[in-house]
Every structure is written in structure tokens, then in C-alpha cells.
Amino acid sequence: MLTKRTFLSGLMSSAALATIPATAKAATPDATLITNVRVFDGKSDGLSGLTNVLVEGELIKEISPAADAAPDVPRIDGGGRTLMPGLIDNHVHLQWNQGPMEFMTARSDYVAALALRECEATLMRGFTGVRDTGGGILGIARAIDEGIYPGPRIQACNASIGMTAGHGDYRPRSVLPRAFGGPGITELEAKMITIIADGVDEVLAATREQFRQGAHFIKVFSGGAVSGLYDPLDINEYSPDELKAAVDEAKRWNTYAASHAYMDSSVRSAIDAGFACIEHCNLMTPDSMELAVEKGVWLSTQVGFFMTPIPEGFNEYQAARQKMARDGLDAMLRLAKEYGAKIALGTDFVGSSETKATQLNELTLRTPWFSNAEILRQATGDNGQLWQLAGPRSPYQKGPVGVIEPGAYADILLVNGDPIADLSVMGSAENFDVIMKGGKAYKNTIL
Ligand SMILES: [Zn+2]
């Protein structure tokens, strides 16, 4: 029986839990002075003249040729290299590192082990921040933020919300539906890749559940998918009321909802429902592009995903949908540029770590559409602006990411070369002599 006393002690222990300090933080050097560098700040068209950058704690303190520090402060002589923000990939699935069948049947601890390895590999490719758009990664994100494992900063939505027969419904056709005694949870739900919710009430509950798990933003499948089992690309997933339920709940949590949509009609229904960011967008028309720009909606785009072979284990229907989406990409990116849309950059790779190892190609593959400076801004300052939409739900409250300016997080690459003049230097992490996140150098070949 719950007596007053046990109730009170329960309250006290939950209060105590809430104040337990996080596990020991990683040792961060108090300061580092990086001298003799030319800065790409994540916002400009070009590089600065030679200057110095003083890092104090996790943040950038000063950028000036006169910036100096006490003699005992560690120094890195940039030797004329380019200092730029660490890269951000705004569409990843850190948890998904196997073929679909292996992933769905693997133990969760094995899946987590592969994800940890992928987190370190991602950081060592120069990506100091990633936005995870589906997958149980929040525990790993916490461990990384606490300095227990190396990895990027992670903004995450936890599970994407999808409808029965929509993207994310990977139940075999042979099982009974949930409402008729079938399993209440799919393999993908167990791994928090997606959660299936039908009707306004369930969508609302699913949205709140993501916040219970610590999500920073919400993602909803509002259109057909390349990799779905049952949903053709052409359908609008969810009714306007269901979409709006998720969007409004995200707003009540002072953050935002992102939608997955390829077809124009799905993009349109997502914009109408108030989504602040649309993932993919490949088949948008000028009308919806105009509307997206008018409403300030972000387009979270991928190029490399459509230039690589369909992931192993995907069927001919999925391959056909990938081709359809790929065929729309060129026109969509031209439109987005012409209309001045807010363009975020991401990869959306799932499957093998070999595929994910091509992550840096996302920059160099964009040269048919964008200038080198535009691509570098997309991967840094622009992507960082999208992170600000998470407001108080973002775990990174001390400053902006994706820019080099006083007060920003000291997430920094020292690049051996001038990526504004020659973007190909961004194609290999071998050209990154220093990879720093939050003032801590995870790689430094200039010793
Ligand atoms: Zn995705």
C-alpha cells in the first residue's frame, strides 16, 4: 500500500535522482591558442587574412591577429592552414549500421556497440555534429556528451512517427494487425527507429513519448518512402489532423517537427501542417518551393545517397523508388537555389560502415549545383542554424554550432589547404590536421 510516508520518500528519491550529477566530464584543456590561420567562419564567401583563434574551455573566446595567451597555454601553430567549423551532417541514422534483416534481428547491445564505433568514425571524419533523424541514440549521445566515448554532438528525434502501412511499418504482412491481437510493437519500434501511431490520439501520445525519452525535435513520416515495405512513393501519409497534432505538440515543447517527404503533394501537406523542416524534398514543384521559402521552411537535402547503389538487401520496388527520387533531385536543387530556400545538408546513409565512410563525398558531390563557399556554409553555418530551431530542447545551450565566432562552441577543423579555392581537400579527412570538439583536440598532427 502506498502510505503517505512511502509516497513522500518516493517523491524525495525522484527529486534526488533529478539532481544526481552527470558522470565525470571529459578533461578539457582550459585554453588553446591556435596561431597563424586563415578562418572560414561558416557564414562568409571566403577566408580571413592570417589571424589567431583563442579557445577557452568549450568555447571560442577571441579571433584576432593580436589574440594571445599566457606562456603556459598550449599552442597550435596553424602554419597558414584553414581554420573552419567542424562539419555537421543533418540527416544520419547512427544506430543503423547493418543490412535491414541483420539490423532488425540483432540484439540491441550489439547494435549499440556498432553505433559507438560509428560515432567515433564520424567524429574522425571531421563531423563534430550530427542530427539523428531516427534511432535509439540518446543514451549514446549522453555518454558522448559526458566524455565517456568519442563522438560528435548529437541532436536527435529518437523514433520517427509513422502510420500503419507507412514508412517504418516493417511488420510482415502475415502477422495480425495490432487491433486484432497482433504484436503491439515492431522490431524497428524496439530499436526506436520508428513508432507506429494511427489517429490523432496515438500521434499525440507517440509525440509525447519521444519527449519522455529526451528527444530534441520530432520527426514524422508524411509521405511515401524509398525504403518502405508497403508505402508507394506517391501517397500522402497521415491526415492533416494527425500531422498537425505532432506539429502543435512539438511547438508546445518549444521545439519543432520535421517531416519526411519526397513527393510534392507530401511536401505540401507537411508545409500546410506547419512542419519547420522537410527531409528529402526531391520531387518539389516551383509552387511548393515558393511556399517553403515564404514560410521559412528548411529543406534537408541529400545528394550522395542517390549517387550510391541501393543498399544491400533492398528489393526492386525500393530500387525503383530510389531512381524516381534521384531523377527529381537535379530540378529540386536548381529550384531551391533559384528561390533562395534554406538548404540543409545531410547523408541519410543506413547499412554498412563502408557506405557511411563516404560521408565526406556529400560536400564534393554538390559542386554541379553550388559554389564551394555555398557547400561549406551548408555543412557548417546553415546546418547549425537548423539546430537552433530545437531551442531549449537542444542539449547545447552555451553557444551556436557551425560557426567560428566568439562565444561559439570550439568545434574546429584545421584543414591543410584552401577549401574555398579547391573543395576536393574536403574529400578526405587526411587533410584535417586538427579535429577539435568543445575545445578538446581528438586529432592533432601538428605537434
Ligand atoms: Zn533518414
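Computed over heavy atoms, backbone and side chain alike; hydrogens, waters and symmetry mates excluded. In listed order, ligands and their atoms are each counted from 1.
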**Request:** Show your reasoning for whether salt bridge (charged side-chain N to carboxylate O under 4.0 Å, His left out) applies to Asp272 and Lys244.
**Result:** CA-CA 9 Å; Asp272 289 344; Lys244 204 164 175 311; over 6 Å; no
**Message:** Looking at the Zn ion (ligand 1), is there an N, O or S atom belonging to His280 that lies under 2.8 Å away from it?
**Reply:** no
**Message:** For Tyr409 and Tyr396, take the angle between the two ring planes, folded into 0 to 90°, and tell me which bin it lands in: parallel under 30, tilted 30 to 60, perpendicular over 60.
**Reply:** perpendicular
**Request:** May I ask you to decide if the ring planes of Trp253 and Phe211 are parallel, tilted or perpendicular, using 30° and 60° as cut-offs?
**Result:** parallel
**Request:** Could you walk me through whether Arg366 and Glu362 pass salt bridge (charged side-chain N to carboxylate O under 4.0 Å, His left out), step by step?
**Result:** CA-CA 7 Å; Arg366 289 181 177 236; Glu362 184 63 35; 2.8 Å; yes
**Complete:** Per residue Asp348, nearest N, O or S atom to the Zn ion (ligand 1) is named OD1
**Apex the Zn ion (ligand 1) - arms NE2 from His93 and NE2 from His91 - angle rounded to 10°** = 100°
